[in-house]
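Excluded from the calculations below are hydrogen atoms, water molecules and symmetry mates; all remaining heavy atoms, backbone and side chain alike, are included.
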Amino acid sequence: LCDLLSHITDVSCSGPAVTGEFGHVYEQQYAVALFNSVRFEIEGGGAPQSQLLHRKNPLEDRSIFSGGLFQYLEENKRWRNRFVFVADTYNISFYENKMAHERSLRPKGTINCAGYKALTSMEEYLELISTSLPGIKAKVGSGQFVKCATQFPLILWHPYARHHYFCVLTEKEQKKWHAVLQDCVRHSNNGLSEECRVQTPAFTDAMRLHRQAQGHYGTWDMMCGGPPQILANLVMETLHPELRNLIGPRLKGKIQQRQRNWMLISEAVYKQVLSQTQAQYEALVQACEVQTSRLDTVLRTDMDQIITSKEHVSGKIRALVLPRAGQLLRGSVQPFLSSILEALMEPTSRGFSEVRDVFFRELVEVSKNTLNGGGKDKLAEHMEKISMLAFHPVKMQSCYEKVEQLNLEGLQQRFDVSSPSVFIQRAQILMREQMDNAVYTFEHLLHQSLEGKVQGGEDLCKTIHCCQDRVLKKYDYDSSTVRKKFFKEALLQIIIPYMLKQLSPSFHLDLPRFQELIFEDFSQFILVENVFEEVVLQSVTKDIMMAVKDAAVQKKHNLYRDSMILTNSDPNLHLLGENPSVDWATQFRGGNEEPEGALGGGGQSSRRRRQVVSMIQLDEMGPLPYESCLEVPGVDFIPEEGEIEEVEVKAQEPKEQKTPTEPDSPDSVQEICYHSKPVVEMMVSASEEDFAVLTNGTGTLKDGKEEEVTLITTVVEEMHRKSPQEVNEQLVETGSPYQEAEGGLQEKGEPAIEGKGEEDEAAIKNAIQEIEIAVQEEDGERITECVVDSDAELAPPLVDSSPSGHDDGGFQPPTNEALNEGKAQPILDALKTEDTVVDPGEVVVVLEPGDTALHNE
């Protein structure tokens, strides 16, 4: 063990060496990026102006999603219910329960989804596990070390970091949560912020040059997350195979145990590497920023001379490289340009078209509801939901699925493309941005049209339709511009690494001599490696531009030609973009209503966060009571392939019964739900007629609270029925049994059960029923045992039994809804298999002269 730990320590020490080499390249690229930024600031330039407005902070005071999930805990190998909250940062936080989140307690854990994959089947997961540790392959049901508590798992897989296991109860939940998790991964993998005009290009260029020096060209799937995470992935790219070769043969035990141990080792090493890269990157950035002021002064003073010197060197390198680059371009790139572009354009165009259709359908729905008499209040309610349409992963899922069909099979190996996931996620991010721009523009146009005007349903529909047409035209133009830019960038990311890989060995020895042509004072702003890449880029740019231009002529892709430019189509529109976002609830609904899906922010601010995706409400069952931390069976023993038969034989043997003090662990979802519902036993005295109304409704517990009754079990004890003469004699002796019985019931806190007689003798039969209840209470003739099975959180007491009183779980108490106070019901014999009407002639009524209430009746 000590020898193994020493080897791990020696291998882990290679991390600082990798980051040290990267740090040297980053310092060089930082000066180049600063030069490009200052030059762009002076010379200007940029892309065509977009027609749609852009929202700066779309998720302000918003949260994405929250709800309950079952999470597998590695510490005790058990499943527990957690309250999961997805904030506007797309980090996933899980708490003990919902109350812990609302009280702003520290979460049990937080997941940054950069680099993860969201899976919905154990087969996919086991396949990825097998590739991470060769030689160990597990089959579903035999070698897996995590046994899912339900049939609907949700797994977050990472090549180096800890894996996270969740599960839900229904397929509907699984699809919704999978869309949310995919959105979290997509957002975290989006890359570095483009607002940092110096640090971001310096880091990306340094990372690319460092990997190219190691022989890795082409796209990289692990270029995701923040700079420290990307650096940790860079270190693990080299360190992980070494650890696997060192530790893999020494792992002992069963398949699942070896898998678990390897993952724990990988996770521990990744945590250590990440902590090192975090500190080293912060120190690196701080050292570069110290030099920023001096470098900026030199650049602004000698910018013309630096540009002239760079153009001189570029001309020399261009003359050397272009002949060879042109030959490579004509023979190995141009024949494949059209096929690469077609593979990119077909699914991407379908995805952007689906975005347009989803936006159009939502506006049509708003128009229909407004036309049906909703007015501005109903319009504001729908606009509150539409405002976050772009960030609703479930509604946008149909758009994302169109792009996921992108396939570069046959071209990946030739051009060294690891996978198309880089292009798929980038296209999906662009689709989300265009959807949000369209929604944001529509909001401002509609708000401007409605401001200070009183309009009816038809006028509102006309206004909505007019704004809708204006926005769709702008979306078509911007969509075409964004897609053409995306196609150009994708082609460059595919072709440039391939050409550099083919050309670099030929010019590797010739490039250093061009460094002598650069003045020493300008050498830190002009690097030969960067100039060489720019020359290769210029050699292929013309062919890529022509390929995209030819594709724009085809009508099937719905692209505008470059000659079609919309200028000043709406000159006053961009002035609206400077205004804050429209608060529809405040301006059109009074601002007093709580937004749907509002959740506590969980921070110092006391404002309520509006949730983009609504909570999941199952049709079969409500949420778990109190969002409690429910324990679900874990995996203490999973047999190997050869042990399956032995386990099956043991399973057939009779099990010893456990004592009541040691309850068994629930082994299925049904038992989990059963144990999560409180069961209360209530004893109520009742007559035969009373059993007719013992249906699902509400009951009063011993503490005085009312609870919804969903299941009632009646236990009847046969007793000798007293004759009317015996009842009469007992009534005369006791005085007023009606009052005494009523007082006795109130003192004991037991719910009284009210029955109804036939139509012509309702009052008389009511008195008889009350008398019999009193007599049976004193003599203990019958006992009814009520088992309360709560399927949701304890419902508030129902004020009445009207049909309008619905609870959160969608259940309605059937008791008393069908009963009308003005119409008496026949007395039914509920103890028999069939309902029978009691003959009124068999009933003897004795009225006390002092009972004025009965006498009046």
Side-chain angles (χ1 to χ4, degrees), residues 14 17-29 32-33 201-223 230 233-235 237-238 241-242 310-337 339-340 408 410-419 422 489-518 523-524 526-544:
S14 61
V18 174
T19 54
E21 297 173 0
F22 171 82
H24 178 68
V25 181
Y26 179 83
E27 291 176 352
Q28 294 178 337
Q29 295 301 317
V32 176
F203 185 87
T204 54
D205 291 344
M207 183 63 63
R208 186 186 68 255
L209 291 173
H210 177 78
R211 296 189 74 249
Q212 288 178 1
Q214 305 298 325
H216 302 292
Y217 291 82
T219 58
W220 187 34
D221 291 343
M222 298 308 294
M223 187 75 178
I230 299 175
N233 296 336
L234 177 66
V235 174
E237 187 179 25
T238 305
E242 297 179 7
K310 182 179 179 180
E311 291 296 332
H312 176 69
V313 175
S314 299
K316 296 291 185 179
I317 296 178
R318 190 180 298 109
L320 176 67
V321 173
L322 280 184
R324 171 60 188 238
Q327 182 181 358
L328 178 65
L329 181 65
R330 290 188 296 271
S332 303
V333 175
Q334 286 181 347
F336 300 96
L337 268 180
S339 58
I340 298 175
L408 297 177
L411 302 171
Q412 292 182 216
Q413 295 180 353
R414 180 176 185 82
F415 293 98
D416 196 17
V417 179
S418 57
S419 70
V422 176
E489 292 177 350
L491 287 174
L492 289 175
Q493 291 180 1
I494 294 174
I495 295 173
I496 294 299
Y498 171 76
M499 296 189 65
L500 289 175
K501 187 176 182 179
Q502 302 297 324
L503 296 174
S504 293
S506 303
F507 301 101
H508 178 69
L509 299 177
D510 297 330
L511 291 179
R513 63 186 178 88
F514 291 101
Q515 194 70 34
E516 302 174 357
L517 303 176
I518 305 172
S523 60
Q524 54 186 338
I526 305 173
L527 298 179
V528 176
E529 293 83 357
N530 294 74
V531 176
F532 172 71
E533 289 189 355
E534 290 178 3
V535 171
V536 176
L537 176 65
Q538 294 169 3
S539 66
V540 73
T541 299
K542 182 178 179 181
D543 293 88
I544 291 177

Mind listing the closest non-hydrogen atom pair of [X] and [Y] along with its distance?
| X | Y | result |
| --- | --- | --- |
| I518 | S523 | CG2-CA, 3.8 Å |
| T219 | Q493 | CG2-O, 4.2 Å |
| P497 | G218 | CB-N, 3.3 Å |
| G331 | P335 | O-CG, 4.0 Å |

Open item on the list: Consider side-chain contact (heavy atoms from CB on, under 4.5 Å). Of M499, K501, Q502, which one does Y217 pass it with?
Closed with: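 Result for side-chain contact (heavy atoms from CB on, under 4.5 Å) with Y217: K501.
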Task: From I494, I496, I495, residue fulfilling side-chain contact (heavy atoms from CB on, under 4.5 Å) relative to L492 - done: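 Checked I494, I496, I495 against L492; only one passes side-chain contact (heavy atoms from CB on, under 4.5 Å): I496.
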TODO: Dump the intermediate steps for side-chain contact (heavy atoms from CB on, under 4.5 Å) on Y498 and V417, then the final yes or no.
DONE: CA-CA 9 Å; Y498 171 76; V417 179; over 6 Å; no
Open item on the list: Could you work out, with side chain to side chain donor-acceptor pair (under 3.5 Å) as the rule, every residue matching S419, not counting sequence neighbours?
Closed with: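 Residues passing side chain to side chain donor-acceptor pair (under 3.5 Å) with S419: D221, S421.
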- [ ] Sequence neighbours left out, what passes side chain to side chain donor-acceptor pair (under 3.5 Å) with R208? Give chain and number order.
- [x]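 Here the qualifying residues are D205, E533.
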- [ ] Give the intermediate values and the outcome of side-chain contact (heavy atoms from CB on, under 4.5 Å) for residues T204 and M223.
- [x] CA-CA 9 Å; T204 54; M223 187 75 178; 3.8 Å; yes
- [ ] Any pair with a residue in residues 504-515 that passes side chain to side chain donor-acceptor pair (under 3.5 Å), sequence neighbours left out, goes on the list, sorted by first then second residue, please.
- [x]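 Every pair satisfying side chain to side chain donor-acceptor pair (under 3.5 Å) with a residue in residues 504-515: there are none.
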Return the [atom1] to [atom2] distance between [X] and [Y], rounded to the nearest 0.5 Å.
| X | Y | atom1 | atom2 | answer |
| --- | --- | --- | --- | --- |
| L408 | F415 | CG | CZ | 10.5 Å |
| D543 | L329 | CG | CG | 4.5 Å |
| F514 | I526 | CZ | CD1 | 14.0 Å |
| R324 | L503 | CZ | CG | 6.0 Å |
| N233 | T238 | CG | OG1 | 11.5 Å |
| I544 | K542 | CD1 | NZ | 13.5 Å |

TODO: Evaluate the criterion side-chain contact (heavy atoms from CB on, under 4.5 Å) for residue pair Q29 and L527; output intermediate values, then yes/no.
DONE: CA-CA 9 Å; Q29 295 301 317; L527 298 179; 3.6 Å; yes
Under a 4.5 Å cut-off applied to non-hydrogen side-chain atoms, are [X] and [Y] in contact?
| X | Y | result |
| --- | --- | --- |
| I317 | F507 | no |
| W220 | I230 | yes |
| E237 | R211 | yes |

TODO: Please step through side-chain contact (heavy atoms from CB on, under 4.5 Å) for the pair Q28 and E529, ending with a clear verdict.
DONE: CA-CA 11 Å; Q28 294 178 337; E529 293 83 357; 6.0 Å; no
- [ ] Could you label the plane-to-plane angle of the Y26 and F203 rings as parallel, tilted or perpendicular, counting under 30° as parallel and over 60° as perpendicular?
- [x]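 It falls in the perpendicular class, over 60°.
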